[in-house]
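One structure is given here, and the rest of the page talks about it.
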Amino acid sequence: MIKSPIPSALDGLVDLACRDGVDFRPTLLRVLTDLYVQKPVHSAEEETQYVELALGLIDTVDEPTRAAVTASLSSYPATPAAVLAKLAETT
């Protein structure tokens, strides 16, 4: 059985979140976006989860993070329109 790298990445995020004074939201948004664009097609549930999480994080992160997420999504053909609209209104 091949072990997925996702749990170790999530473990790292959890460790980061537990540190005092560390804002892990920019890292979380970037990681979620990187994972989202790695898969060419998503189920409706996966897309809904990504959209909800991304929309909740976009307003809480800095401009460099929003720019990086925008760049990642710009070449992804199935980028959710709601996420693109939210990114456009925050820049």
Min side-chain heavy-atom separation L57-T60 under 4.5 Å
yes
request  = Let me see the working for V61 and D23 under side chain to side chain contact (heavy atoms under 4.5 Å, CB included), right down to the final yes or no.
outcome  = CA-CA 9 Å; V61 299; D23 185 4; over 6 Å; no
- Message: When you compare the side chain of S72 with that of Y36, does any pair of heavy atoms fall below 4.5 Å?
- Response: no
Taken to the nearest 0.5 Å, the spacing of E52 CD from E47 CD works out to 11.0 Å
| Beyond-backbone contact of L29 with L53, side-chain heavy atoms, under 4.5 angstrom | no
*Validation row: D59, K86 side chains within 4.5 angstrom (heavy atoms)*: yes
For the side chain of T79 and the backbone of L73, is there at least one donor-acceptor N/O pair under 3.5 Å apart?
yes
Output for pair (E63 CD, T90 OG1), nearest 0.5 Å, gives 6.5 Å
- Query: Does the ring center of Y50 lie less than 6.0 Å from the ring center of H42?
  - Reply: no
